[in-house]
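Read the structure below first, then the notes.
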Amino acid sequence: MAVVGATGIVGETLLRVLEERNVAMEALGAFASRDRKDAVTFRGARVDVRATSDEALRAYDVVFFASSEEAGARYAPPVLERGAVVIDNSSAFRMTPGVPLIVPEVNPAAAGPSDRLFPIANCTAIVLCVALSPIRNSAGLARASVATYQAVSGAGRAALDEFDAGEGPIVGNVIPHIGAFDAVGSSDEETKVRDESRKILELPTLPIAVTSVRVPVRTAHSEAVFFETQRATSVDELSAAFERAPGIAYHSHGVVTPREVEGTDLVHVARLRAEEAESTGRRFQMWVVGDQLRKGAATNGVQILELLLTRGMVPA
């Protein structure tokens, strides 16, 4: 198994999750833009990082890309051509027709037996879809609106280091601007959350409105979600759906904050309530929190690998 981008913040988290979940492998290869001696730690040992090249990646059955879109677009095709599996955390292939976008708690059946390219979805969309999936499955989804409160880690290691040092424009601030704006004023992040959520939920025409905001917290994204079901339902019915859903910690009372969720793998759902005073209806709202580096990136990628191993789609 190879990890490209092993020295980055997502790459380091990926190595940690692989170790925590005791994923079996014959050998680990750590790669980045250049050679570095003893640059990362895995299973108690220091590991050299090598410069990424087509030739260096030939030895591996599975290659994780925890790096840039450019790296994935450059190095993934030769890996795929020789029959290996690619799990890519960049956005390079997420919306490619015919390429599955897997969140194992939501759409595991979307991984076909001949698929070998598995993008990891946008972190905010992953957290959102884990929370929306039980609603889709129980009462149907007619529409959703979400305001996201996104952690500094989503902007990369440099931004997180700056924030930890008490510096930068995010300190004491919130910034409703993540990515470039398009002609109608939506940011890249907002478009990704909308389009990728539709693909993950397998609801290609679902109306979704998104406003994405960077906030001064470290690694957990929060989302205020407003949704309408296809049929009338109740808080009790939806609560029961959340309580039996995989990957969710449901809080029937009280609140949950991003600081409490940092370093964990579950998506937390709290403050579920009807929009109107009636006990049944179609319009509801909830508060959702999940760690951006883990369930929003590294853990979801490792879960995809575990799914493939279970199905015999990669060598065990």
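What you see below is based on every heavy atom in this structure, not just the backbone, and it leaves out hydrogens, waters and symmetry mates.
Side-chain contact between Val4 and Tyr75 is absent, with no heavy atoms from C-beta onward closer than 4.5 Å. The shortest distance between side-chain heavy atoms of Leu238 and Thr233 falls below 4.5 Å. When side chains are defined from C-beta on, Leu293 does not count as touching Glu262, because their heavy atoms never get closer than 4.5 Å. Residues Leu132 and Ile135 form a side-chain contact, since some pair of their non-hydrogen atoms from C-beta on lies under 4.5 Å apart. Residues Val40 and Thr7 have side chains in contact (heavy-atom distance under 4.5 Å, counting atoms from C-beta outward). By the 4.5 Å heavy-atom criterion applied to side chains, Val130 and Ile248 are counted as neighbours. The closest side-chain heavy-atom distance from His268 to Glu260 is not below 4.5 Å. The closest side-chain heavy-atom distance from Val267 to Val288 is below 4.5 Å.
Listed here is the closest heavy atom pair of Lys192 and Ser91: NZ-OG, 4.0 Å. Taking all atoms of both residues into account, the shortest heavy-atom contact from Ala110 to Glu202 is CB-OE2, 4.1 Å. The two atoms that bring Pro100 and Leu117 nearest to each other are CD-O, 3.9 Å, heavy atoms only. Looking at every heavy atom in both residues, Pro134 comes nearest to Ser138 through O-OG, 2.8 Å. Between Arg198 and Pro207 the shortest heavy-atom distance is NH2-CA, 4.2 Å. For Ala51 against Ala56, the heavy-atom pair with the smallest separation is O-CB, 4.4 Å.
Listed by first then second residue, pairs satisfying ring pair (Phe, Tyr, Trp, His ring centres under 6.0 Å) with a partner in residues 92-119 number zero, not counting sequence neighbours.
The backbone N or O of Thr229 sits less than 3.5 Å from a side-chain atom of Arg282, completing a donor-acceptor pair. In this structure, the side chain of Ser239 engages the main chain of Val235 through a donor-acceptor pair within 3.5 Å. Panel note: side chain Ser153, backbone Arg218; a donor-acceptor pair is recorded below 3.5 Å. Not one N or O on the side chain of Glu196 forms a donor-acceptor pair closer than 3.5 Å with the backbone of Ala125.
Put simply, Ile120 and Val23 are part of the same group of oily side chains (I, L, V, M, F, W, Y) that touch within less than 4.5 Å, one to the next. With hydrophobic clusters built from ILVMFWY side chains whose heavy atoms lie under 4.5 angstrom apart, Val210 shares a cluster with Leu201. Under the 4.5 Å side-chain heavy-atom criterion for grouping Ile, Leu, Val, Met, Phe, Trp and Tyr, Leu80 is connected to Phe65 within one hydrophobic cluster. If you chain together hydrophobic residues whose side chains sit under 4.5 Å apart, Ile126 and Phe64 fall into the same group. The cluster map of Ile, Leu, Val, Met, Phe, Trp and Tyr, joined by side-chain heavy atoms under 4.5 Å apart, puts Val86 and Val62 in different clusters.
Enclosure of atom CZ in Arg283 is not indicated, since only 12 or fewer non-hydrogen atoms of other residues, nucleotides or ligands lie within 6.0 angstrom. Under a cut-off of 6.0 angstrom, the local environment of CZ in Arg259 is sparse, with at most 12 non-hydrogen atoms contributed by other residues, nucleotides or ligands. Residue Arg74 places its CZ atom among more than 12 non-hydrogen atoms of other residues, nucleotides or ligands, all under 6.0 Å distant.
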Given the rule in the side chain to side chain contact (heavy atoms under 4.5 Å, CB included) test, do Lys295 and Val261 qualify, once you have shown the distances and angles that lead to the verdict?
CA-CA 11 Å; Lys295 182 54 191 169; Val261 171; over 6 Å; no
Check the pair Glu105, Ser133 against side-chain hydrogen bond (donor to acceptor under 3.5 Å, both in side chains), reporting the backbone distance first and the verdict last.
CA-CA 8 Å; Glu105 297 91 339; Ser133 179; over 6 Å; no
Can you check side chain to side chain contact (heavy atoms under 4.5 Å, CB included) on His221 and Thr148, steps first, answer last?
CA-CA 7 Å; His221 287 353; Thr148 72; over 6 Å; no
Criterion side chain to side chain contact (heavy atoms under 4.5 Å, CB included) on Thr299 and Gln303, from CA distance to verdict:
CA-CA 6 Å; Thr299 300; Gln303 287 176 307; 4.1 Å; yes
Kindly determine whether Trp287 and His251 satisfy side chain to side chain contact (heavy atoms under 4.5 Å, CB included), including the steps that lead there.
CA-CA 10 Å; Trp287 177 250; His251 303 258; over 6 Å; no
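For Arg94 and Asp88, the salt-bridge test fails: no basic side-chain N is under 4.0 Å from an acidic carboxylate O. Ionic pairing of Glu19 and Arg43 is not present here: no N-O contact between side-chain nitrogen and carboxylate oxygen is shorter than 4.0 angstrom. Between Glu237 and Arg231 there is a salt bridge, since at least one side-chain N of the basic residue sits less than 4.0 Å from a carboxylate O of the acidic one. Glu55 and Arg58 are joined by a salt bridge, as a carboxylate oxygen and a charged side-chain nitrogen come within less than 4.0 angstrom of each other. By the 4.0 Å N-to-carboxylate-O rule, Asp48 lies close enough to Lys37 to be salt-bridged with it.
Between the OG atom of Ser212 and the CD atom of Glu223 there is a distance of 8.5 Å, given to the nearest 0.5 Å. In this structure, Thr13 OG1 and Leu18 CG are separated by 11.0 Å, a value rounded to the nearest 0.5 Å. The line from CG of Leu15 to CE of Met1 is 10.0 Å long, rounded to the nearest 0.5 Å. Between atom CG of residue Leu101 and atom CG of residue Asn107 there is a gap of 7.0 Å, rounded to the nearest 0.5 Å. Taking CE of Met95 as the reference point, atom CG of Asp195 lies at 5.0 Å (rounded to 0.5 Å). The distance from atom CD1 of Ile208 to atom CG of Leu203, rounded to the nearest 0.5 Å, is 8.0 Å.
Listed by chain and number, the residues in a ring pair (Phe, Tyr, Trp, His ring centres under 6.0 Å) with Phe242 are Tyr250 (sequence neighbours excluded).
Neither side chain, Asp236 nor Ser234, offers a donor N or O lying under 3.5 Å from an acceptor on the other. With no hydrogens or angles considered, no side-chain donor-acceptor pair links Asp291 and Thr264 at under 3.5 Å.
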